[in-house]
Amino acid sequence: MQLPFPLVEEPDDASREKGRKLFVGSNADFLKGVVAMDGLPGDDRIEVCFAGRSNVGKSSLINALTGRKGLARASNTPGRTQEINYFTLAESHYLVDLPGYGFANAPIPVKEKWQRLLKRYLSGRVSLRRAFVLIDSRHGVKAVDDEIMSLLDSSAVTFQVVMTKADKVKEKDREKTMEQVRQALSKHPAAFPELVVTSSEKEWGLPTLRALIANLT
């Protein structure tokens, strides 16, 4: 039976406040960029990661969540961000920005390097509680997104789709895109059965996503 993948419910006041406290600006800091597994920090914190193809709005979302405009650096240049970037949240969490995928004109060796690093990270990180796969509300799930979802399936890592740039499309078009996303997710056993819809610019969905992360154990 196909899962409906409804939207995540709005958090109650306590959960919303818990999320706000975790993500408040002074609590979020860049820790390090990692290019190989031996550079990963200790696995003594709850960890969540964000994955998404180029230009999906990953850096903007991280900056909006933390309330720090320049925390994650956005780049339109293929191959510029090839590291796993670690951010600390208070004393309890790591927020992880995975290398962008899907650059059509990135050199093959660069793509292969990203893929190897992602595979090793996803299959070997015991403190990873959830991966968030970012999908552009204007475009839906593309072939490269399916690839990363299949990688998460095979790594037995629960992932949840976060729709980005929701303010850039009309509601009827957004609903159409979400239906396409739901159809795509029905093929992936590791998909968490709820969607989060966000806009970094309008701050839609940010309290919900913060609360969700703060309540992972």
Side-chain angles (χ1 to χ4, degrees), residues 4-30 48-77 81 85 87 89-90 93 95-98 100-102 130-142 144-145 148-149 159-185 191-216:
F5 292 97
L7 297 182
V8 174
E9 289 186 5
E10 288 284 317
D12 60 27
D13 290 343
S15 292
R16 182 183 289 257
E17 180 62 9
K18 186 176 180 181
R20 188 196 68 78
K21 285 182 175 178
L22 177 63
F23 277 88
V24 69
S26 60
N27 277 350
D29 278 303
F30 176 72
V48 297
C49 68
F50 288 81
R53 65 178 183 269
S54 58
N55 299 322
V56 76
K58 189 151 52 70
S59 297
S60 296
L61 182 62
I62 290 170
N63 292 340
L65 282 170
T66 58
R68 295 191 57 187
K69 210 167 189 178
L71 187 64
R73 291 171 297 175
S75 172
N76 294 321
T77 307
T81 307
N85 289 311
F87 303 89
L89 290 175
H93 288 65
L95 191 156
V96 184
D97 182 8
L98 296 181
Y101 59 83
R130 188 166 301 173
F132 293 98
V133 177
L134 276 51
I135 302 294
D136 193 319
S137 295
R138 299 170 298 179
H139 306 305
V141 174
K142 303 242 180 206
V144 288
D145 300 310
I148 196 75
M149 291 175 188
F159 71 88
Q160 186 163 9
V161 161
V162 175
M163 307 289 294
T164 62
K165 305 184 182 182
D167 61 307
K168 305 299 183 187
V169 292
K170 294 177 181 176
E171 187 174 352
K172 64 175 183 178
D173 295 324
R174 189 163 66 241
E175 288 297 328
K176 187 184 293 186
T177 302
M178 286 172 61
E179 185 53 38
Q180 186 261 358
V181 170
R182 290 179 171 114
Q183 292 285 343
L185 289 178
F192 190 82
E194 291 179 333
L195 304 177
V196 185
V197 175
T198 67
S199 162
S200 299
E201 199 171 299
K202 303 289 188 182
E203 300 190 352
W204 297 350
L206 300 186
T208 299
L209 189 51
R210 290 186 191 115
L212 197 160
I213 292 169
N215 283 287
L216 290 172

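For reference, positions follow the sequence shown, starting with 1. These values consider heavy atoms only, across backbone and side chains, with no hydrogens, waters or symmetry-generated copies.
- Residues I213 and H93 come closest through the heavy atom pair O-NE2, 3.6 Å.
- Although no hydrogens or angles enter the test, the distance criterion places a donor-acceptor pair under 3.5 Å between the side chain of T177 and the main chain of S137.
- Atom SG of C49 sits about 12.5 Å away from atom CG of N85, to the nearest 0.5 Å.
- Judged by distance alone, the side chain of R174 and the main-chain N or O of A166 form a donor-acceptor pair under 3.5 Å.
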For salt bridge (charged side-chain N to carboxylate O under 4.0 Å, His left out), just list the numbers for E179 and K176, CA-CA rounded to whole Å, side-chain angles, deciding distance to a tenth of an Å, and then say yes or no.
CA-CA 5 Å; E179 185 53 38; K176 187 184 293 186; over 6 Å; no
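- Remark: K172 does not engage E175 in a salt bridge, criterion side-chain N to carboxylate O under 4.0 Å.
- The OG1 atom of T66 sits 8.0 Å away from atom CG of L89, with the distance rounded to the nearest 0.5 Å.
- In this structure, R210 CZ and R16 CZ are separated by 9.5 Å, a value rounded to the nearest 0.5 Å.
- A side-chain contact (heavy atoms from CB on, under 4.5 Å) with V8 holds for exactly one of V197, L209, V196; it is V196.
- Residue L185 holds its CG atom at 9.0 Å from CD of Q180, rounded to the nearest 0.5 Å.
- Contact of the R68 side chain with the I62 side chain is not registered, since no non-hydrogen atoms from C-beta on lie closer than 4.5 Å.
- A cation-pi arrangement, defined by a distance under 6.0 Å to the six-membered ring centre and an angle within 45 degrees of its axis, is absent between R130 and F159.
- A 4.5 Å side-chain heavy-atom check between T198 and E203 finds every atom pair outside the cut-off.
- Looking at L7 and E194, their side chains never come closer than 4.5 Å, going by heavy atoms from C-beta outward.
- For F132, the ring pair (Phe, Tyr, Trp, His ring centres under 6.0 Å) test picks out F50, with sequence neighbours left out.
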Under the side-chain contact (heavy atoms from CB on, under 4.5 Å) criterion, do V133 and V162 qualify, and how do the steps go?
CA-CA 6 Å; V133 177; V162 175; over 6 Å; no
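- Between P6 and P193, the shortest heavy-atom contact is CD-O, 3.2 Å.
- Inter-residue side-chain proximity for I148 and R53 is flagged as unmet; no heavy-atom pair is nearer than 4.5 Å.
- Within the 4.5 Å cutoff, side-chain heavy atoms of I135 are placed close to those of M149.
- The shortest distance between side-chain heavy atoms of D97 and F87 falls below 4.5 Å.
- When the options T164, V169, D173 are evaluated for a side-chain contact (heavy atoms from CB on, under 4.5 Å) with R138, the one that passes is V169.
- By the side chain to side chain donor-acceptor pair (under 3.5 Å) test, K142 is found to be paired with no residue, residues two or more places apart in sequence or in another chain being considered.
- A salt bridge links K168 with E201; the closest basic N to acidic carboxylate O contact falls under 4.0 Å.
- Here the closest heavy-atom approach between residue D145 and residue G140 is recorded as OD2-O, 3.8 Å.
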Residue pair N63, S60: steps toward the side chain to side chain donor-acceptor pair (under 3.5 Å) verdict
CA-CA 5 Å; N63 292 340; S60 296; 5.7 Å; no
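- Using a distance-only test at 3.5 Å, with no hydrogens or angles considered, no donor-acceptor pair links the side chain of N27 to the main chain of F23.
- One distance of note links CG of L95 with CG of L22; it measures 9.0 Å at 0.5 Å rounding.
- Note that CG of L134 and CG of N55 are 12.5 Å apart. Values are rounded to the nearest 0.5 Å.
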